[in-house]
K.L.:
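Following this message is one structure expressed as structure tokens.
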Amino acid sequence: MVSAGALEQFYALFEAWGIPWIVPRLAIMLGVVSIIIGFISVSAMFLIWWERKISAHIQARFGPMRVGGWHGWAQSIADGLKLLLKEDIIPTRADRPVFILAPIVVFAASLATYVVIPFGPGLIVQDLNIGILYIIAISSLTVVGIIMAGWGSNNKYAALGALRSAAQAVSYEVPLVISLLGPLLLVGSLRMTDIVEYQGGTWLGILPGWLIVVQPLAFLIYFTCAVAETNRLPFDIPEAESELVSGFHVEYSGMRFAIFFLAEYANMFVVCAIATTVFLGGWQGPLLAPWVWFLLKTYFLLFVMIWLRWTLARVRVDQLMHVAWKVLLPLAFVNLGITGLLVLVLSPMG
Amino acid sequence: MTAEEILQQIQSRFREEIRTAEVRRGEACVTIKADRNFEICRFIKEELGYDYLNCLSGVDWTADKEMEVVYAISSLKQPGKIILRARVPQDEPVLRSVVPLWGTANWHEREAFDLFGIRFENHPDLRRILLPEDWIGYPLRKDYQDERFVAYPWEDRKPGSVPRPTTA
Amino acid sequence: MTTINLHLQQVKERTTESMEEMWVNMGPQHPSTHGVLRLLLKLDGEVVRECIPYLGYMHRCHEKIGENRAYVQIIPYTDRLDYLASMYNNWAYCLACERLMEISIPARAEYLRVIIGELQRIASHLIWLGTFGLDLGNFTLFMWCFREREMILDLFEAVSGQRINYSFMRIGGLALDVPEGWLADVKAFLAWFTPRLSEYDRLSTDNIIWQKRIQGVGILKPEDAISYACSGPMLRGSGIRWDLRRDDPYGIYDRFEFDIPVGPNGDVWDRFWVRRQEMEQSVKIVEQGLKAIPPGPVLAPVAKKLRAPVGDIYSRVESPRGELGHYIVADGSERPYRYKVRAPTFVNLSALPVMLPGYMVADAVAILGSVDIVLCEVDR
Amino acid sequence: MWRYLREIWRGFWSILLSMQITLRYLFTRAVTVQYPEEKRQLPTRALTQHVLTIDLESQELKCTACDMCARICPANCIHLAGEGKGKARRPKWFVIDHNLCMYCNLCVEVCPFDAISMWTGKYELGGFSRTNLVYDMETMHADGFYPTIMTPRSPPGAAAKAPAAPGGGKGGGKG
Amino acid sequence: MAADYAYVALFLIVGLLFVVLNIDVLSRIIRPANPTPEKLTTYECGEDPIGGPWLRIHIRYYLFTLMFILFAVETVFLFLWAIVYRSLGLFAFIEMMIFIVILLVGLAYAWAKGALEWV
């Protein structure tokens with residue numbers, strides 16, 4: 001985040017004072033984590049408020065208008081405080097350790113995905129060389145948390161939600177990964193910064209060098225799967241307000257519920273950030289600072305996600321499976337095959 | 001089929017069972033003895049073709065020491081309506097259930113059982129439907145008593161009666 | 001919390017608990033049971049194998065109350081039956097009393113009853129469409145439908161002063177004439193409303209998720225529909241063209257031109273589509289009514305103290321939910337001796353255990369939604 | 001195969017159509033009324049708190065304690081007692097328990113002297129105790145003109161005993 | 001290499017601590033705690049739960065898991081293939097297509113057998 005030279009000087013300062021080398025490094029790392037957690041919290045609160053405003057205006061109403069003055073901007077903060085003050089209820093029949101661990105797993109998993117998100121050139125916590133594979137691996141951990149929540153609650157609705165969630169996660173993981181293979185075939189690297197830098201130029205001199213231009217089908221498949229992975233409408237069947245009441249987190253209250261909520265919005269940001277990185281050229285863009293471009297694109301995708309949610313009805317669980325296995329998966333393979341063929345034909349053989 | 005024809009048909013088939021029969025507002029109104037209500041209903045449904053049971057309700061005729069079950073039957077294919085009344089003694093209100101003929105009778109009969117205490121033989125699942133299962137008594141009977149039930153002050157109502165206290 | 005469940009014990013005893021099946025309470029505190037209905041579902045994975053409804057959470061013995069009130073005093077209580085179509089309840093009750101007492105009502109009142117009744121049908125179907133959208137997970141449709149319903153409620157408020165429980169009709173006509181300019185307001189509303197229907201279609205009828213969710217689900221065969229005495233859109237959705245407005249006309253419905261939509265398959269989609277088209281037909285009827293409405297009084301001269309002659313009557317009307325019947329036994333006093341309401345949703349709901357088995361939990365919600373129940377009316 | 005692809009395209013297109021209409025709504029005006037700041041204009045006939053109307057000339061209650069309203073009330077929420085004989089008869093006390101009121105307007109319709117009105121526009125009836133909703137004669141005493149079924153629209157300056165509304169039609173009149 | 005993942009470990013630990021801090025420290029101090037037996041019952045729409053949810057899950061659900069494992073393993077190979085694809089050329093394409101086609105045949109088989117139907 002800061003230039004390497006300055007960091008070295010900073011470390012050297014501590015060594016001169018005789019403090020073990022680990023302390024300054026840990027301090028810096030903790031600082032980075034705090035910044036990310038702060039960003040997640042603020043971003044989630046903003047998203048919750050934003051979603052409420054968008055949904056309200058789509059439905060010809062205002063949404064929150066009172067807390068904080070201008071258009072109820074402090075509504076999410078007030079809600080957070082309220083949840084902090086709420087009584088914590090753990091049902092007597094629940095499997096206590098699993099019940100308590102579940103929100104931790106969900107949150108820690110979604111937090112860990114932020115390690116490789118490239119907010120801008122240099123603005124990346126750790127540019128892992130397996131970037132995108134890492135993100136896919138870690139984000140599936142969220143599902144483990146959801147299943148734990150469903151199982152640990154010892155509630156039938158929660159159990160059904162967990163079962164659905166497991167099925168949904170395993171089904172959508174496959175087309176999601178295969179849809180990402182198309183762009184990766186072009187880029188030839190899993191590193192997030194490489195992917196962004198690949199998209200720096202232009203296609204045919206006029207279109208931006210974003211991969212969505214050459215991989216629109218992959219983008220659509222990815223985005224559909226991303227919506228499903230984050231359990232949002234129309235794929236929110238693990239929660240399914242009107243059927244399973246609220247599915248896996250039906251027994252959670254107060255702060256434990258808030259953590260689930262936070263993790264859901266954190267995850268939404270992550271999947272949109274990946275879409276931005278892989279398909280929309282990441283931080284690439286003229287005039288504005290790179291991180292502004294990145295956030296703009298990501299929040300645009302988040303807007304689309306919210307927009308979808310307030311437009312569509314929920315699919316049924318068997319239709320969900322149908323879409324994953326019988327529509328998205330074959331299409332993803334077709335996309336991969338065509339991309340492979342085109343790369344073969346168009347690029348000069350080395 | 002006109003109401004008169006319906007009456008004729010029923011009368012010619014079940015002469016002994018019928019207590020009264022008349023035509024009112026174009027509807028055939030028949031009062032029968034209760035012991036063969038199922039056969040009469042089956043005749044109406046299967047031979048006369050009136051296959052739609054609109055309504056089944058109990059009536060408590062305390063003055064006559066009798067209970068009554070009223071079937072309002074019609075058809076979706078032909079005009080004409082039948083009001084069939086089956087009377088049973090109040091101290092032993094038992095009838096044959098018509099659930100085998102009409103699925104809708106299931107809940108209606110449960111309701112009559114629930115609120116009037118009329119029992120229906122051969123009913124697949126005769127238990128209370130609207131009231132809790134541990135309720136005592138049959139509220140729509142005219143002699144039903146309950147200290148929680150405050151009757152509307154019809155007779156003793158006069159100007160200046162003290163308002164009912166409303167607690168905070 | 002600790003309801004005495006004698007029956008439940010029996011249910012459990014007669015079920016050899018298979019390892020893969022479980023009993024789930026859906027309701028009373030469940031977002032999709034439209035009130036406090038309790039369904040006991042036997043689930044095999046996600047598939048419903050058996051359904052036992054439990055009613056009575058809202059029971060208030062409406063019929064006992066009715067036996068203790070004068071004829072005119074019952075009108076406000078009928079509002080509370082089907083609170084989404086109170087005008088229709090008023091109408092059904094007043095019509096039963098008028099038939100019993102042989103009162104004929106002025107022509108203007110007849111026309112106003114039709115106009116108000118059909119507006120009420122639109123309002124009721126709108127609320128149904130909205131909540132059905134909620135059941136399927138579409139929140140936006142719910143709000144849009146409520147916006148138009150509010151407009152109808154505004155019209156009703158201008159007429160009767162109330163938004164839900166109108167108590168507007170009287171035995172012998174209406175309580176008051178409509179205010180000046182009200183009929184023009186109705187016309188303006190219809191002009192606004194008709195294009196909105198195609199906007200709803202964008203979110204519902206035309207949307208593939210909506211179609212896939214409800215097509216071929218919850219099939220009610222015509223013979224079952226007749227056996228269970230289903231009525232209204234439930235019956236018409238099963239392919240039986242039966243509408244009391246046409247087949248047993250009450251009021252002045254024989255003077256109006258309108259179609260009766262039916263669905264061929266008896267699935268949830270057909271019930272949805274029937275109601276969706278009925279809104280258009282209602283618009284047509286209101287327009288005809290607005291053209292033909294004569295001036296004049298709106299209340300027939302009736303006695304201050306109404307007494308019905310000894311006798312009984314079963315009178316029925318086509319409420320938005322089906323056949324709303326009133327069975328009144330009069331003993332010559334100013335109170336009914338026996339007063340029974342044949343609630344359409346009570347009867348329609350009794351067909352639910354036939355429709356549910358074999359479909360999933362998500363379908364169960366859609367099927368229950370397609371019955372269009374109002375628990376206040378079911379439990380009475 | 002062709003049908004399969006067409007089905008996918010149809011699904012995709014229908015979702016786009018749905019999204020188009022919601023996007024259009026995103027930029028339309030909200031219909032919400034922000035209640036305490038903005039207030040709805042209630043129609044004249046909105047049934048709200050009861051008021052005992054007064055004769056505008058003599059500033060006296062029109063009520064003669066005939067008990068008609070109390071008798072017709074289905075919820076049994078009106079209680080009153082009168083004193084005096086004949087034309088001088090006036091209520092001694094008059095209590096309406098709004099906890100029980102069903103807002104059916106029957107009491108107003110039945111009143112032969114036009115002495116009670118529910119068309120008052122006083123709808124903010126909230127209280128912290130149920131006793132706050134039990135209104136006595138003092139609370140219900142009218143402070144000016146209130147429309148009733150017989151006098152639906154007379155302005156305060158005009159003759160208070162106008163038998164029908166000017167302009168005809170409006171309100172009509174019972175029977 | 002391993003040092004790259006220090007951040008990952010740290011994020012996981014801090015994530016855990018953050019949740020624990022919020023729920024069990026911060027919130028515990030200020031929130032009320034009045035548990036009653038009824039409040040602590042399992043939610044089942046306001047009725048007493050009938051039996052428990054911890055049942056045997058039907059075998060048909062595992063079919064999806066099997067399919068998933070199949071394809072997940074495949075994608076691991078595909079990732080490696082995709083990265084070095086340009087340098088391998090036609091040979092890699094044909095070989096991988098054969099691999100994919102075999103898997104697709106498997107998918108088609110499962111499809112035809114009805115293993116992809118959720119019931």
Side-chain angles (χ1 to χ4, degrees), chain A residues 29-30 33 37 84-93 103-104 107-108 111-112 114-115 125-126 128 133 153-159 163 167 170-171 173-174 177-178 181 184-185 188-190 245 250-251 254-256 259 317-318 321-322 325-326 329 333 337 340-341 343-344 347 349-350, chain E residues 4-8 10-16 18-20 22-23 26-28 30-35 37 39-45 49 52-55 57 61 64-65 67-68 71-72 75 78-79 82-87 89-90 93 96-97 100 104 107 110-111 116-119:
Chain A
M29 284 167 87
L30 280 176
V33 178
I37 287 187
L84 203 63
L85 287 164
K86 276 279 188 189
E87 186 176 350
D88 178 46
I89 296 162
I90 303 179
T92 31
R93 286 176 56 179
I104 298 177
F107 183 77
L111 181 66
Y114 280 75
V115 170
V125 177
Q126 184 68 263
L128 295 178
L133 192 60
S153 303
N154 197 354
N155 176 306
K156 286 166 199 161
Y157 291 109
L163 185 66
V170 299
S171 302
E173 200 76 16
V174 178
V177 172
I178 292 174
L181 279 171
L184 291 178
L185 210 63
S189 167
L190 294 175
V245 193
V250 64
E251 292 288 1
M255 213 48 212
R256 284 181 213 282
I259 294 291
V317 59
D318 60 324
M321 294 300 162
H322 177 96
W325 291 102
K326 299 182 183 172
L329 187 60
F333 272 121
L341 204 61
V343 169
L344 206 62
S347 68
M349 282 294 113
Chain E
D4 286 357
Y5 294 90
Y7 263 115
V8 178
L10 191 74
F11 267 60
L12 289 172
I13 293 165
V14 171
L16 187 149
F18 177 77
V19 176
V20 172
N22 265 310
I23 294 174
L26 195 59
S27 172
R28 171 159 290 176
I30 49 178
R31 75 188 171 209
N34 318 305
K39 204 189 275 178
L40 295 180
T41 48
T42 305
Y43 168 80
E44 201 169 308
C45 295
W54 291 343
L55 303 168
I57 294 166
Y61 297 117
F64 286 95
T65 329
M67 294 289 291
F68 169 68
F71 282 94
T75 44
L78 283 176
F79 260 106
I83 292 166
V84 292
Y85 178 68
R86 282 179 187 235
S87 53
L90 184 63
F93 178 74
M96 203 38 94
M97 278 306 126
I100 288 174
L104 282 179
L107 180 69
W111 191 334
L116 300 181
E117 299 296 329
W118 181 271
V119 272

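So you know, we letter chains A, B, ... as the sequences are listed, proteins then strands, and number each from 1. In this text the structure is predicted, and so the values were computed from the model without any measurement.
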K.L.:
What part of A:Glu251 is in contact with chain E, defined as an atom under 4.5 angstrom from a non-hydrogen atom: side chain, backbone, both or neither?
P.N.:
side chain
K.L.:
In Å, rounded to the nearest 0.5 Å, how long is the span from NE2 of A:His322 to CH2 of E:Trp111?
P.N.:
6.5 Å
K.L.:
Over all heavy atoms of both residues, which pair between E:Phe68 and A:Val170 is shortest? Give the atoms and the distance, please.
P.N.:
CD1-O, 3.0 Å
K.L.:
Can you see which heavy atom on A:Ala108 is nearest to which on E:Leu16, and at what distance?
P.N.:
CB-N, 4.3 Å
K.L.:
Please flag which part of A:Leu84 lies under 4.5 Å from any non-hydrogen atom of chain E: side chain, backbone, both or neither.
P.N.:
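When you check distances to chain E, atoms from both the backbone and side chain of A:Leu84 fall under 4.5 Å.
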K.L.:
Counting C-beta onward and ignoring hydrogens, is there a side-chain heavy-atom pair between E:Phe71 and A:Leu329 closer than 4.5 Å?
P.N.:
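SC-SC contact between E:Phe71 and A:Leu329 confirmed.
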K.L.:
Side chain, backbone, both or neither: which part of A:Lys86 has an atom under 4.5 Å from a heavy atom of chain E?
P.N.:
backbone
K.L.:
Name the region of E:Ile13, side chain, backbone, both or neither, that has any atom closer than 4.5 Å to a heavy atom of chain A.
P.N.:
neither
K.L.:
Could you have a look at A:Leu190, A:Ile104, A:Asn155 and say which one has the most heavy-atom pairs with chain E under 4.5 angstrom?
P.N.:
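Most heavy-atom pairs within the cutoff with chain E belong to A:Asn155.
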K.L.:
Counting heavy-atom pairs closer than 4.5 Å to chain E, which one of A:Leu30, A:Leu133, A:Leu341 comes out on top?
P.N.:
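Looking at each of A:Leu30, A:Leu133, A:Leu341 in turn, A:Leu341 comes out on top.
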K.L.:
Would you mind telling me which of A:Ile90, A:Val317, A:Ile89 has the largest number of heavy-atom pairs within less than 4.5 Å of chain E?
P.N.:
A:Val317
K.L.:
To the nearest 0.5 Å, what is the distance between OH on A:Tyr157 and OH on E:Tyr43?
P.N.:
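Reported to 0.5 Å precision, the distance equals 6.0 Å.
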K.L.:
Is it the backbone or the side chain of A:Leu184 that comes under 4.5 Å from a heavy atom of chain E, or both, or neither?
P.N.:
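Looking at A:Leu184, backbone and side chain both touch chain E.
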K.L.:
Quick check on A:Val250 against chain E: is it the side chain, the backbone, both or neither that has a heavy atom closer than 4.5 Å?
P.N.:
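When you check distances to chain E, only side chain atoms of A:Val250 fall under 4.5 Å.
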K.L.:
What's the separation between atom CE in A:Met255 and atom CZ in E:Arg31, rounded to the nearest 0.5 Å?
P.N.:
10.0 Å
K.L.:
Got a donor-acceptor contact below 3.5 angstrom from the A:Glu173 side chain to the E:Ala72 backbone?
P.N.:
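Pair absent, no side-chain N/O of A:Glu173 close to backbone of E:Ala72.
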K.L.:
Between E:Leu104, E:Ile23, E:Asn22, E:Leu12, which residue shows the highest count of heavy-atom pairs closer than 4.5 Å to chain A?
P.N.:
E:Ile23
K.L.:
If you look at every heavy atom in A:Gly337 and E:Phe93, which pair is closest and at what distance?
P.N.:
O-CE1, 3.6 Å
K.L.:
With a 4.5 angstrom heavy-atom cut-off, could you sort out which part of A:Ala159 is near chain E: side chain, backbone, both or neither?
P.N.:
side chain
K.L.:
Sort out for me which residue in E:Thr41, E:Leu40, E:Thr42 forms a side chain to side chain contact (heavy atoms under 4.5 Å, CB included) with A:Thr92.
P.N.:
E:Leu40
K.L.:
Nearest 0.5 angstrom please: A:Ile178 CD1 to E:Leu78 CG, how far?
P.N.:
6.5 Å
K.L.:
Of all the heavy-atom pairs spanning E:Phe18 and A:Ile259, show the shortest one and how long it is.
P.N.:
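Shortest heavy-atom contact: CE2-CD1, 4.4 Å.
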K.L.:
Given that the side chain runs from C-beta out, which part of E:Val84 has a heavy atom under 4.5 Å from chain A: side chain, backbone, both or neither?
P.N.:
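Neither part, no heavy atoms under 4.5 Å.
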K.L.:
Is it the side chain or the backbone of E:Met96 that comes within 4.5 Å of chain A heavy atoms, both, or neither?
P.N.:
neither
K.L.:
Counting heavy-atom pairs closer than 4.5 Å to chain E, which one of A:Ile37, A:Val174, A:Leu163, A:Asn154 comes out on top?
P.N.:
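Between A:Ile37, A:Val174, A:Leu163, A:Asn154, the count favours A:Asn154.
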